[in-house]
Each structure stands twice: as structure tokens, then as C-alpha cells.
Protein chains: 2
Amino acid sequence: MTNNEIEKKLESKKVKPTAMRTLVYKALADSGKTLSLADLEQRFEKVERSTIFRALKSFEDNFIVHTVNDGSGSVKYAVCDEDCTCNIHDLHVHFYCTRCGRTRCMKELPIPNIKLPDGYTYDNAQFVINGVCPRCD
Amino acid sequence: MTNNEIEKKLESKKVKPTAMRTLVYKALADSGKTLSLADLEQRFEKVERSTIFRALKSFEDNFIVHTVNDGSGSVKYAVCDEDCTCNIHDLHVHFYCTRCGRTRCMKELPIPNIKLPDGYTYDNAQFVINGVCPRCD
DNA sequence: AAGTTAGTGCAACATTGTTGCAAAGTTTAA
DNA sequence: TTAAACTTTGCAACAATGTTGCACTAACTT
């Protein structure tokens, strides 16, 4: 993804595309994976944790990335699809490989619809499947 | 739940029922909720965090309690059902109330079956729904 | 009763996520 | 074009969480 495309993307979501933000987004998008804050820190040794953290937060707040809580102890981030609004219908299953620790967006597997008992509202969900990925098997 | 019942329960799962473990189990069972390590610490001000932690770990390893990763930042624990072996078929949805921070086991809602792409194995899963509970609505 | 094993408390620690503040950079508007 | 206003970044610090090593104590074994 070119810097230009990234800048447009960020602008379209009302996030000012600063140099740092563009770099962080690029790293995440190019990785094609979910990355934790620590993962990203390693890719930019010179950049402050808090800067990356705040970039990710602004992305998250503006539906540019979504987070996954895979139980590994650190939150992971992944770029959203083009038209994602991070609402229930855009959510997909994530797969956490207990062997390599990698977490993958299963975009082809939407989170199934659940009928909650009366009185509960449904805003959001996380569905993480643990197992072993083809790579590790 | 009486101490006697708890001791039997723990023994049946091959965990020696020490005084501390019995207390921790009782607190968790009696609460009828999911509790974090910090929650339990508060209930036993005199007891070491690590002791409670290790009690919970031994419970978890022996399928006496299960953990929930509700995204709140701390893992929560809940007692398993009588016959639970914590395998896929015993898993249920958890509900995290974004208002009060409480997490509830929805035992009546089993985790739906998902057909993963070839090459992936399915050991375990976490399905947490975020919303507002009747109490907070 | 002595020896072995298991459990507990204490202290310390790494990691994660987060914030306040000041410096640097960017935008606005005179 | 320069000053003022605002935003972003880096630094430092911090709390919370989860976790471990070690020594002491309790419990079990023979």
C-alpha cells in the first residue's frame, strides 16, 4: 500500500495522516497480520511506545483498525476492511494459534448471530478460536 | 456450598483441598459471578495475591474453573459446571457489561459450532459479547 | 520422629497499558 | 510572514496484572 493511499484512507476516516501514523498503518497493513503494540515497537525501534499506542488508539476510535483480545496477554491490532464500521455485522472470528502465538482474522467467518435473553443489548463481540494453524501443524 | 462439598469437589478433580483453596473456591462459587484475581484479593485482604493466583491456576489446570478474557484487562474466573471438562462442547458465551464491568456466564448459550478452513484445529474458544446488562439498562 | 513433599507468604520483577508534561511541529489567521 | 493556537511526539513516570524464586511452614510418609 502506497503512502498516498494510506493518507487518503486516514483522511477519509478523519484522522490526520502524520508521518508516524502513516508508518504505523503501513506496518500493520503490510504485515497482513494482527500485531501487538510490542510487535510494532520492535519494527520501529526509534519510535516511542506511547506514540504508537496513541496512533493505534486514534485508528481504533475511528474504525480504521480493530482490536483482538486473544488471551495472549496483549491486545492485537488489525486493519479493518475497506467498508468496515466495526459494528456487529462487520465482526469476524479470530483464530489464535497456541503454538506460534499468531492471531489471524478469519474474514470469511462472520461471528454468528446469537439471541441474547431479554434485557441484554448486543453492541459488540469477540470470538476467538484457539487451536493450531496449518503452518504449525 | 458447604466446605465439605467443596472439599469433595476438589478431591474428585485431584486437587488437594487445602484451607486456602477451599476458601478461594467458596468465594468464587458463592459469588455466582466471574471474579478477577483482584476481586478475590479484596475479599481476602490477608491472603497473598500469589497464593490466590496459584489456587486459581490449579483449579484451571484441573477443569474446576474456567477463565474469561472479557477485554477488561484482567482475566476473570468462574466455577465450571458439575460435569464440565472445558472442552469445546462445554463452552458457553460470556456477556461483558460495558457499563458495570461485570461478566456473566451465559450457560444457556453454548458457543456455536464453526467450521474452520482446512488445516486448522479447534481446541478451545472464547466468545464474549459486549453490551449492557438488564441491571444497568 | 525424621525425612520428604506440597503449599504459602514475601519480595521482586517484566510486561502492558496509560498519563502528564514539555518540546517540536503544524495550521490558522492577523 | 509572523504570532498565536492547536496537535503530535518523546520522555518519564506510573498503576495494574501476572508471574517467579526462595525460604518457611504445614502436611504426609514410613
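Proteins come first, then strands; the chains are lettered A, B, ... in the order of their sequence lines, and each starts at number 1.
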Nearest to the side chain of B/Val75, heavy atoms from C-beta on, is which of D/dT20, D/dG18, D/dA12? D/dG18
For the side chain of A/Glu48, starting at C-beta, report the closest nucleotide among C/dG9, D/dT8, D/dC11. D/dC11
Could you check whether the side chain of B/Arg54 and the base of C/dG9 have a donor-acceptor pair of N or O atoms closer than 3.5 Å, going by distance alone? yes
Nearest-Å distance, CG (B/Asp61) to C1' (D/dT19)? 14 Å
Output the rounded distance in Å from CG (A/Asn69) to C1' (C/dT16). 12 Å
Comparing A/Thr18 and B/Gly73 on DNA chain D - which has the more 5′ nearest nucleotide: A/Thr18
Could you check A/Arg49 against A/Glu45 for salt bridge (Lys or Arg N to Asp or Glu O under 4.0 Å), going step by step and ending with a plain yes or no? CA-CA 9 Å; A/Arg49 179 159 75 263; A/Glu45 293 197 8; over 6 Å; no
5'-most by nearest nucleotide on DNA chain D - A/Ala55 or B/Glu41: A/Ala55
Rounded distance (Å) that lies between atom C1' of D/dA16 and atom CD1 of B/Ile52: 15 Å
Tell me whether B/Val47 shares a hydrophobic cluster with B/Ile6, the cluster being built from Ile, Leu, Val, Met, Phe, Trp, Tyr side chains joined at under 4.5 Å. yes
Protein-nucleotide distance (B/Lys57, atom NZ; C/dG7, atom C1'), rounded to Å: 17 Å
In whole angstroms, how far is the C1' atom of D/dT9 from the CG atom of A/Leu56? 15 Å
Among the nucleotides C/dG9, C/dT8, D/dG10, whichever has the atom closest to the side chain of B/Arg21 is C/dT8
Nearest to the A/Ser74 side chain among D/dC11, C/dT16, D/dT19, which nucleotide is it? C/dT16
Quick check on the hydrophobic clustering: are B/Phe53 and B/Ile64 connected, directly or via other members, by side-chain heavy-atom contacts under 4.5 Å? yes
Proximity to the side chain of B/Phe53 - top-ranked nucleotide from C/dG7, D/dT19, D/dA12: D/dT19
Interatomic distance where NZ belongs to B/Lys16 and P belongs to C/dT5 [whole Å]: 12 Å
Taken to the nearest whole Å, CZ/A/Arg49 to C1'/C/dA14 is 11 Å
Over 12 non-hydrogen atoms of neighbours within 6.0 angstrom of NZ in A/Lys107: yes
Just so I know, are the side chains of A/Thr34 and A/Tyr77 near enough to count as touching, which here means a heavy-atom distance under 4.5 Å? no
In whole angstroms, how far is the P atom of C/dT8 from the NZ atom of B/Lys46? 17 Å
